Structures are given as structure tokens and as C-alpha cells.
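What you are looking at is a predicted structure, and each value in this text was computed from that prediction instead of being measured.
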Amino acid sequence: MPELPEITLLARQMKDELVGKTIVGVTVLQPKILNVPQDSFCEALNGARLIDVRHHGKWITVETTQGWLMLSLGMGGEILLFADDRQFPEKRQLVLTFRDGTHIVVSFWWFGYAHYAEHPEDHAMTAKLGPNALDLTLDEFRALLRGRRGGIKSFLLNQGHIAGIGNVYVQDPLFRARIHPLRKIDTLTDDEIAALWRALQDTLQGSIDLGGSAWEMDLYGKKGGWSEEQMVVAYQESKPCPRCGTAVEKIRTGSTSTFICPQCQRLEP
DNA sequence: TTGAATGTTGAGGA
DNA sequence: CTCCTCAACATTCA
């Protein structure tokens, strides 16, 4: 479940390790992950030197001297750094080999993308994204919500509005701000919006500080420290709410599920 | 065997 | 135009 914290950490590590290196080999093991024909993809990146690695929402954006590589791990996966080529994981979709003999191995278990774009603005999936959730001030957050009528949870998950929040990291902030996921945006008070913004920053930054999710690996294969113990209500079905003791419930919210405390997060006042 | 799981897109309808 | 729902898609697990 790589969301903003894990992607932020991966992009940071990739930047530290890879900037300045030159790609001398591109191996695609599953062409369906590409947005261009395999030949053009390999040709475009072969010989490219890495200039920078950043992220936009859940996408890792790699700037090279020959255009941009955009990576999305979808529902889960890893990007691992290897010093030699002996112990690659069985399942892998893309391997980049650098002139110094190191490799980057990209694998995801479902729905991932490795896209090439000559210019970043050519790549619709990243160009359409809203600002990164952690780069947003409270005033900007308020401005984004102004005039909206939909449910708050689906707004937060919409990457075109705010980038980086997924179904894992959206649940605890809603609980901490005591907001039901189906609450309509135009019924939220100023205080609730401020509490939600605060809780989002705290949850996301807190996970980054702990090295990201304990179910995902970083560039070196190391797992993060943000585990079940850090979750307040997320995935804590039928356990007591830490605030009032009521049993946590799992509810359907559109096509996803959300764990809530039915007492603290009421739909009706 | 069935359905649900972290994501994204596109189509369609109110 | 906005917002919601549905289905589809590279898999894995209970």
C-alpha cells in the first residue's frame, strides 16, 4: 500500500543513490505496464543520465537527460536497489542497469505503471494531479474545499484535488477530526476543516518520520515502522475506540471501505 | 469458488 | 460542470 509517505521516502532515497548515474540497460519483463511500445521505451531511456528524482502524489518522477520516467506502484510493490545481479526477486516488471553495475528492480503485485514522457506536461496521469498533501497550507486546503458539495472522503481520495492520500491514510485523520467519511463538504465547520488538515499533516508526517508503512519496503528492502500500533481506528474492526470505547465498525463508502467509530464520527449531529 | 484488497481510468447518469 | 457509481485491469489471500 504505497501512499504518500512511502513514495516520499522512496523518491528521497532514489535521489540520493541514483542522481548522476547513467542507464546502460533497460529490461522490461511485462510490457503492459508501459505507455509506449517496448522498443521506444528502452531506446528512450538507454544512455540517459539521472538528473533528479521527486514525487507527485503516489507517482515517482525521474528526470533524466533524455526525458522523464514516471513510476506508479499501484496497489503495492517495491523498488529495490541491487549492487549486483545475483539476487533479484522472482517477480519483477522492470530492471534498470547503471554503468557502475548497480540495478534498480521494480516489482508490483497488481496495477503498476512505468511510463515514459519526453516532457512532464505530456504525461496526463501526473500532469492532472493536485498539490501534494503535505505541501498544502490550511488556507489552501480551505480554498480547495470552498464551494464543493460532495462527500469529504471521496474528495480527499481524488488525486486531482489533493495528491497522495489513499484509503489507508485517509481513515485515521477523519477519525481524529471526528468527521464521518460521508459528511458533505458544505456541512463542515471551519474548526472541523482545521482539525482535519492538522490530522492529515500529523498522520502523513508521522508515518514518514517512522520510515513509512510496516507493510512496504524501502529502496534497501527495509520495512517501515508505521504499523498497526500507530493506527487509531483503521483496520481495527470491533476493537474499542481509543476515545470512547465504542466498537470500531467497518462501513462501505462508495466502492471502498472505511473503519470508523460510530459514536465519535456521526453523520447526523 | 468467491470476493475483497491498498489504485487509476473511463463511461454513464442524476 | 460536479459528483457519484460501476466496471475493468496486470494478483493474492482467506
What's A:S72 touching, base or sugar-phosphate or nothing? Going by heavy atoms closer than 4.0 Å. nothing
**Request:** Taking only Lys NZ, Arg NE, NH1 and NH2, and the carboxylate oxygens of Asp or Glu, determine whether A:E192 and A:R178 approach each other closer than 4.0 Å.
**Result:** no
Taken to the nearest whole Å, CE/A:M70 to P/B:dG7 is 20 Å
- For C:dC4, does either OP1 or OP2 sit under 4.0 Å from a side-chain N or O belonging to A:S154? yes
Rounded to whole Å, the NE2-P distance (A:H115 to B:dG7) equals 17 Å
(Q) Mind checking if A:K153 touches a base, just sugar-phosphate, or nothing, with heavy atoms under 4.0 Å? (A) nothing
What nucleic acid atoms does A:Q159 come within less than 4.0 Å of, heavy atoms only: base, sugar-phosphate, or nothing? sugar-phosphate
Rounding to 0.5 Å, atoms CG (A:L80) and NZ (A:K222) come to a distance of 13.5 Å
Rounded to whole Å, CE of A:M75 lies from C1' of B:dA5 at a distance of 6 Å
To the nearest angstrom, the CD-P distance between A:E90 and C:dT11 comes to 16 Å
Regarding A:Y113 and A:Q93, do their side chains bring together a donor and an acceptor under 3.5 Å, going by distance alone?
no
Can A:W109 be called stacked on C:dT11 when the rule is centres closer than 5.5 Å and an angle between planes below 30°?
-> no
Mate of C:dT5 across any strand shown (Watson-Crick or G-U wobble, both atom pairs under 3.5 Å) is B:dA11
Distance only, no hydrogens: is a donor on one side chain within 3.5 Å (strictly under) of an acceptor on the other, for A:D100 and A:T102?
yes
In this structure, SG of A:C42 is separated from OH of A:Y116 (nearest 0.5 Å) by 12.0 Å
Check your understanding: Any chance the rings of A:H123 and A:W59 have centres within less than 6.0 Å?
Key -> yes
Closest of B:dA5, C:dC9, C:dT12 to the A:K91 side chain is C:dT12
Against the side chain of A:W59, the closest entry in B:dA5, B:dT8, B:dG7 is B:dT8
Q: Indicate, with a heavy-atom threshold strictly under 4.0 Å, whether A:I33 touches base, sugar-phosphate, or nothing.
A: base
Looking across every strand, which nucleic acid part, if any, lies under 4.0 Å from A:T256 by heavy atom: base, sugar-phosphate, or nothing? nothing
When rounded to whole Å, the CZ to P distance for the pair A:R252 and B:dA4 reads 6 Å
Regarding the side chain of A:K58, the nearest nucleotide among B:dA5, B:dT8, C:dC4 is B:dT8
**Q.** Distance, P atom - from C:dC1 to B:dT8, rounded to whole angstrom
**A.** 24 Å
Atom CG of A:N158 and atom C1' of B:dT9 are separated, to the nearest Å, by 12 Å
Requested in this report: Identify whether any heavy atom of A:Y113 sits under 4.0 Å from a base atom; if not, whether one sits that close to sugar-phosphate; answer base, sugar-phosphate or nothing.
Outcome: base
Applying the 3.5 Å cut-off to both distances, the Watson-Crick or G-U partner of C:dA10 turns out to be none
| Think A:S257 has a side-chain N or O under 4.0 angstrom from the OP1 or OP2 of B:dA5? | yes
note: A:M125, atom CE; B:dG10, atom P; distance rounded to Å ~ 7 Å
To the nearest angstrom, the CZ-C1' distance between A:R148 and C:dT2 comes to 8 Å
Side-chain contact check for A:K32: nearest option of B:dG10, B:dA5, C:dA10 is C:dA10
*Which part of the nucleic acid does A:G254 contact within heavy-atom distance under 4.0 Å: base, sugar-phosphate only, or nothing?*
sugar-phosphate
Among the nucleotides B:dG7, C:dC3, B:dA5, whichever has the atom closest to the side chain of A:R149 is C:dC3
